Structure formats: C-alpha cells, structure tokens
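What follows is one structure encoded as structure tokens, with my remarks underneath.
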Protein chains: 2
Amino acid sequence: MKENNTPGKSNVKEVRQKAILDLIASEKIATQNDLSRRLEESGFPVTQATISRDIRELRLVKVAEAGGNYHYAVGKSEDKYQASNKFHSIFTASVVKIDYVNNMVVVTCYTGMAQAVCACIDSLEWQGLVGTIAGDDTILIITRDDNTAKEIATTLKSIK
Amino acid sequence: MKENNTPGKSNVKEVRQKAILDLIASEKIATQNDLSRRLEESGFPVTQATISRDIRELRLVKVAEAGGNYHYAVGKSEDKYQASNKFHSIFTASVVKIDYVNNMVVVTCYTGMAQAVCACIDSLEWQGLVGTIAGDDTILIITRDDNTAKEIATTLKSIK
DNA sequence: ATAAAGATGGTATAATAATTCAATAAAAGT
DNA sequence: ACTTTTATTGAATTATTATACCATCTTTAT
C-alpha cells in the first residue's frame, strides 16, 4: 500500500491534475497533445498516455462546440462535487460502519448524521445506484446488481 | 437548402438521433461501434462516421466511470425545456438523480424538495403512472409496466 | 425539366485517445 | 535490511474517433 498522505511529499500527480483543471478552465484545449504541450510549459512534462489516465480519473469530457471544434471540460457530476467539497470531512466524521448484502449497502452513522451523509453520497451520482433512503442513523443504498453493491461498499470503506 | 420541415416526411437523421439519446439513457454505450451495433438492431444501419457526426451535433460526451470503463452521456448544457415555466425551474433546481428499475422510477431530490417535485410530477397526469410516494428527498413512481417506467425516466432525464 | 445548391451519409484514412507492457520508485510488511 | 506490494509513468501499440472526399438525393430556382 502506498497511501501517499505524507504532508511533506510533493505528490506530483495530484498537483498536475490540479494544473489540468486550471488549464481547461482558462483556455480551450482541443486534444490531449495540446494539453501535453501546455502542461510542459507549466512545468509538467508528461506524455499523452498519462494525460489520458488523468482525464479518466478527473472524469473530464470532450465536448463539441458550434463550428465543429472540440474542447475538454469537467463533467456534470464533477461540478456538484466541487460545489459541496465537504464530502470527505462529513463522511469521515459521521460514518460508523459500512456493510453490504446482495444489492444493498447499509451505512451506519452517528445518530442524526445519516441525512447529511446520504446527501453527500447522492452528490456523487454513482452509476449503478438505483436509490438511497436515510433514517436517523442508517442509510440504505439500493444498487442495480450485487457486484455494484460490493464496489460501492469497498469504495466507501476506502474513504472512511 | 433542404430544411426538411415537410410534415409527412420521415426525417431519418432526427429520428436516429432521438434513438441515440434513448439508447445512451437506457444502457451504457462505451464506443461508437457499440452504438452502431445497437442502432442497427433498432433499425438504423449507420456507420461509425455518421455516429461521430451525430455525437458532435447532440453534444454528447464520453465519460469515465469507476472501474475504468467509459460511456456516452448528454453534456451539461443540453437543457431542452423552456426556463420560464414553474415545473422546469422547480424540477431542475431540486432534482439530483433519476433512475429506474422494473416498473419503478426513483427520483432523488435535494433534502426537503421531494414533496414539491412530486406535486409537479403528479400535475402532469401521466398515463401509465399508477402512483407516487415522496419522502424528504426521494420520490418513488410506480408505473403500470416496465416500459412506461423507462419512458418516464427518459423524459424526466431530458428535462433535467 | 434541368440546373444549382444544400444535406446526408459511406469509404477510406488521418488524427486522436486508450491500453499493454515494462521499468522504476516509494511504502509496507517481515 | 530485504522482500513484497502498490503506484506511477513512458514507449509502443492498439483501439477509437474525426474528417476529407466523393456519391447520391432533395429542394429550390430558372
């Protein structure tokens, strides 16, 4: 396990991905090679392959604009996530236990926190997630299939 | 100039593009070739080139999902309904997510908004809609049959 | 009716993006 | 320390997507 949380570490990838977000926000980037060039100018010499992977992780999309040009942009769900960036702190502060069975995930929270945590989970717009119900201290997540439930549970556990 | 407004004409391209929107709303399409195959099954035999052009015109985007797969989706700015009517503003301001399974549609809203959104949906007097139940942030719509659920979900998504 | 102009879509190919494979380095476990 | 695991990345390659070019069809104008 690497778990690069070390405060003193440079964490190249994360910084580069922030730079990518800045770049696509401030100018029209049409291709990954364009992005590669601009990144190099900003001090991040990386190849197209790495950019492809960054774009996947950042959930960026390539949209057509009038006139037949294309540019990269942040996807729908990413906007909402940024709007409520408190996901992580609410989540870690409130979640007690995560378990799953069949196509359901049960998230146990401290009393009164389930609604807030559930809103956080909803904001992620998980694919394969059919719906969520939150009581006072428990959230039920219903997924499309058993495997998705497992994946969501695993991911939530990794956040916690 | 062609301007195919002729009422009696079939207008292949437009119908095909609607079919594309339906397809990407109801299943996960990863590549244009996938889409080509599914379209052919639906009675629209077209090549990848045409799909590339349709995707540009429809402003569709390819997004990454957790697990490293990709799928096509409608872009952010693809709102079709007029901004002025009450339904639209309440709906877009409150609805977070729409999904369906079997003969049920689940509409997820920001906390506290589900009742208001549900009233909007009820006001449409959808035929094939059996009943609705709204909690604080989730609406369950029960339909007569599976296909109606799909249709309602697709239409609601196109509004959002 | 014939011509001109625009639209549509296929074929082939160019351009772009995703992935496989291997190398390296950093962490974690023993 | 040393072995193992995991993360990150580039080079090369494969896969996917966009487009240049051409043919065909529809509409509009003459």
Side-chain angles (χ1 to χ4, degrees), chain A residues 1-20 23-24 28-40 42-73 75 154-155 157-158, chain B residues 1-20 23-24 28-40 42-73 75:
Chain A
M1 190 70 89
K2 202 192 168 190
E3 282 301 333
N4 199 339
N5 319 348
T6 331
K9 263 246 90 202
S10 62
N11 216 333
V12 185
K13 184 177 162 187
E14 196 178 315
V15 177
R16 182 186 62 238
Q17 292 189 345
K18 282 211 172 71
I20 290 176
L23 274 171
I24 66 162
K28 294 273 169 72
I29 306 282
T31 72
Q32 297 184 2
N33 278 331
D34 284 1
L35 193 46
S36 172
R37 263 178 251 113
R38 294 292 290 107
L39 274 177
E40 187 162 26
S42 308
F44 301 94
V46 278
T47 60
Q48 174 266 322
T50 298
I51 290 173
S52 172
R53 293 183 273 244
D54 284 343
I55 282 175
R56 176 170 65 196
E57 287 172 26
L58 294 169
R59 302 280 210 281
L60 301 186
V61 297
K62 192 181 170 188
V63 270
E65 46 191 55
N69 289 356
Y70 293 84
H71 70 273
Y72 280 94
T154 305
T155 307
K157 277 179 188 172
S158 81
Chain B
M1 187 74 86
K2 203 194 168 186
E3 282 301 332
N4 200 337
N5 317 347
T6 331
K9 263 247 87 202
S10 64
N11 215 333
V12 184
K13 183 177 163 188
E14 195 178 317
V15 176
R16 182 186 63 237
Q17 292 190 344
K18 281 213 172 69
I20 290 176
L23 274 172
I24 67 161
K28 282 187 284 194
I29 307 283
T31 72
Q32 297 183 3
N33 278 330
D34 285 0
L35 192 47
S36 172
R37 264 178 251 114
R38 293 292 288 109
L39 274 176
E40 186 162 27
S42 308
F44 301 93
V46 278
T47 61
Q48 173 268 322
T50 298
I51 290 171
S52 172
R53 293 184 268 244
D54 285 341
I55 282 175
R56 177 170 65 196
E57 288 171 26
L58 294 169
R59 301 279 209 282
L60 301 186
V61 297
K62 191 181 170 187
V63 274
E65 49 191 53
N69 289 356
Y70 293 84
H71 71 273
Y72 279 94

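Just so it is clear: chains get the letters A, B, ... in the order the sequence lines come, proteins before strands, and each one is counted from 1. Quick caveat: nothing in here was measured; it's all calculated off a predicted structure.
Applying the 3.5 Å distance criterion, the base of D:dG10 shares a donor-acceptor pair with the side chain of A:Arg53.
Shown here for B:Lys62 and B:Ala30, the closest heavy-atom pair between the two residues is CE-O, 3.7 Å. Across B:Ala19 and B:Leu39, no two heavy atoms sit closer than the pair CB-CD2, 4.1 Å.
Look at A:Gln32 and you'll find a side-chain N or O under 4.0 angstrom from OP1 or OP2 of C:dA18. Contact between the side-chain N/O atoms of B:Tyr72 and the OP1/OP2 oxygens of D:dT17 is found at a separation under 4.0 Å. Not one side-chain nitrogen or oxygen of A:Ser52 sits closer than 4.0 Å to the OP1 or OP2 atom of C:dA17. Within the 4.0 Å cut-off from OP1 or OP2 of C:dG9, not a single side-chain nitrogen or oxygen of B:Lys13 is found.
Atom CZ in B:Arg37 sits about 13 Å away from atom P in D:dA15, given to the nearest Å. Between A:Lys62 atom NZ and C:dA18 atom C1' the separation is 12 Å, expressed in whole Å. Rounded to an integer number of Å, the gap from CD1 of A:Ile55 to P of D:dT16 is 17 Å. Atoms CG (B:Asn33) and P (C:dG10) sit 13 Å apart, rounded to a whole Å. Between the P atom of D:dT9 and the CD atom of A:Glu57 lies a distance of 9 Å, rounded to the nearest Å. Distance B:Asp34 CG to D:dA15 P: 14 Å, rounded to the nearest Å. Remark: P of D:dA15 and CG of B:Leu35 are 20 Å apart, rounded to the nearest angstrom. Between the CG atom of B:Asp54 and the C1' atom of C:dT8 there is a distance of 10 Å, given to the nearest Å.
Across all strands shown, A:Arg56 has heavy atoms under 4.0 Å from sugar-phosphate atoms exclusively, and none from any base.
Residues B:Lys18 and B:Val15 fail the side-chain proximity criterion, which asks for heavy atoms closer than 4.5 Å. Using a 4.5 Å heavy-atom threshold, the side chains of B:Phe44 and B:Ile20 count as separate. B:Ile55 has its side chain within reach of B:Tyr72: a pair of non-hydrogen atoms, C-beta onward, lies under 4.5 Å apart.
Where B:Arg16 and B:Tyr70 meet DNA chain C, the nucleotide closest to each residue was compared, and B:Arg16 sits on the side nearer the 5' end.
Judged purely by distance below 3.5 Å, without hydrogens or angles, the side chains of B:Gln48 and B:Asn33 never pair a donor atom with an acceptor atom.
Near DNA chain D, meaning a heavy atom under 4.0 Å away, the residues from residues 43-50 of chain B are B:Gln48, B:Ala49.
With A:Asp34 as the fixed residue, the side-chain hydrogen bond (donor to acceptor under 3.5 Å, both in side chains) test singles out one of A:Arg37, A:Arg38, A:Gln32: A:Arg37.
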